[in-house]
Amino acid sequence: MLSLSAISKRFSPTRKEGGTEALRDLSFGVADGEFVSLLGPSGCGKSTALRLIAGLMPPDAGTIAWPNGKPPIGFVFQDATLMPWTDAQSNVRLPLDLQHVPRAEGNARAATALARVGLCGFERAYPRELSGGMKMRVSIARALVTRPRLLLLDEPFAALDEPARAALNDDLLRLWQDAPDQKSLTVIFVTHSVGESAYLSSRVLVMTPRPGRIAADIALPPGPRRRLSPEFLEIERRIAAALPAAAA
Ligand code: ADP
């Protein structure tokens with residue numbers, strides 16, 4: 001689906017001491033249908049890599065290639081970033097409104113997207129009436145409503161309590177697995193949690209501390225995974241062993 005070659009990115013390069021070098025020589029590819037976690041310590045450049053892939057900013061050097069063309073992309077941020085003055089349905093419909101999709105069709109698609117994230121019946125609820133986990137579900141529905149083939153998620157569950165996080169992990173896996181054909185939804189998921197990357201991914205890319213590049217590329221056996229099972233603990237151990245010492 002995409003390949004990054006020798007990507008570098010520096011912020012505020014004109015500042016004294018040359019600013020912050022976020023990424024240096026970052027290279028990896030992602031195939032259709034993969035669930036790839038980008039795992040690394042805070043500040044190693046994971047979000048920067050995701051933003052570059054989304055095209056939200058350009059790299060300083062290197063290339064991002066899309067052999068079959070750039071697919072429709074959905075982006076989920078760490079905060080749900082919902083409009084507080086309107087309901088869940090209107091929040092989810094926003095990307096369609098921006099594309100001038102007719103209101104009735106937009107509402108129908110928003111309702112379908114809300115149902116996919118388990119929020120059937122909450123179309124008229126305002127963000128203030130929803131829990132943190134439910135707000136994040138609305139945010140995911142807003143990313144799904146444009147029918148992306150590539151879903152980019154930037155530490156989406158970091159602010160949630162453990163039960164909500166576990167529930168959303170399962171929902172996200174279901175969304176990925178239930179995609180109409182095996183290769184129709186590709187996910188790149190940024191996290192600093194070994195456990196989360198072990199539970200969700202088909203492949204984990206471990207990054208070095210800043211400036212970030214790939215320290216290890218770990219393909220995982222197909223799921224489903226059971227937390228605390230010996231197989232799962234072994235996967236966690238393999239990933240943790242690949243984390244650079246500074247991050248462990
Ligand atoms: P991560 O997602 O792994 O926590 P980030 O990609 O957010 O890391 O940031 C990598 C480094 O780049 C950090 O040192 C961060 O402070 C810096 N950085 C990120 N975005 C900006 C920006 N817009 N301006 C200046 N520095 C930035």
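Since we're looking at a predicted model, the values are computed, not measured. Just so you know, ligand 1 is whichever comes first in the structure, and atom 1 is the first atom listed for that ligand.
Residue Gly43 has at least one N or O atom closer than 3.5 Å to an N or O atom of ligand 1. Checked against a 3.5 angstrom limit, the closest N/O atoms of Ser12 and ligand 1 fall outside it.
Each of the following atoms of ligand 1 lies closer than 4.0 Å to a heavy atom of Pro41: 3 (O). Every atom of ligand 1 with a heavy atom of Cys44 under 4.0 Å away is listed here by number and element: 1 (P), 3 (O), 8 (O). The Lys46 neighbourhood of ligand 1 comprises atoms 1 (P), 2 (O), 3 (O), 4 (O), 6 (O), 8 (O), with distances under 4.0 Å to a heavy atom of that residue. For ligand 1 and Thr48, the ligand atoms under 4.0 Å from any heavy atom of the residue are 5 (P), 6 (O), 9 (O). Contact atoms of ligand 1 toward Ser42: 4 (O) (distance under 4.0 Å to a heavy atom of the residue).
Relative orientation of the Phe35 and Trp176 rings is perpendicular, given thresholds of 30° and 60° on the angle between their planes. Classified by interplanar angle (parallel below 30°, tilted 30° to 60°, perpendicular above 60°), the ring pair Phe232/Tyr199 is perpendicular.
Residues Asp178 and Arg116 are not paired through a salt bridge, judged by the lack of any N-O separation under 4.0 Å between the basic side chain and the carboxylate.
Here the side chain of Arg225 pairs a donor or acceptor atom with the backbone of Ala198 at under 3.5 angstrom. Side-chain N or O atoms of Asp60 include one that pairs as donor or acceptor with a backbone N or O of Arg10 at under 3.5 Å.
Enclosure of atom CZ in Arg109 by more than 12 non-hydrogen atoms of other residues, nucleotides or ligands within 6.0 angstrom is indicated. Atom CZ of Arg213 sits in a sparse spot, with 12 or fewer heavy atoms from other residues, nucleotides or ligands closer than 6.0 Å. Environment of CZ in Phe28: crowded, with over 12 heavy atoms of neighbouring residues, nucleotides or ligands closer than 6.0 Å.
When hydrogens are left out, the protein atom nearest atom 25 (C) of ligand 1 is Phe11 CB, 3.3 Å; that is the closest non-hydrogen contact. Scanning the protein heavy atoms around atom 8 (O) of ligand 1, the nearest turns out to be Gly45 N, 3.2 Å. Nearest protein heavy-atom contact of atom 7 (O) of ligand 1 is Ser47 CB, 3.6 Å.
The residue Ala49 has no part lying near ligand 1, judged by heavy-atom distances below 4.0 Å. Contacts with ligand 1 closer than 4.0 Å are made by side-chain heavy atoms of Thr20 only, the backbone lying farther away. The residue Met207 has no part lying near ligand 1, judged by heavy-atom distances below 4.0 Å.
At a threshold of 4.5 Å between side-chain heavy atoms, the hydrophobic network of Ile, Leu, Val, Met, Phe, Trp and Tyr places Val92 and Leu98 in two separate groups.
Side-chain atoms of Ser37 and Ser197 form no donor-acceptor pair, as typed in the model, at a separation below 3.5 Å.
Under the 4.0 angstrom criterion, atom 12 (O) of ligand 1 counts as having a protein heavy-atom contact.
Residue contact annotation: Gly40 has no non-hydrogen atom under 4.0 Å from ligand 1.
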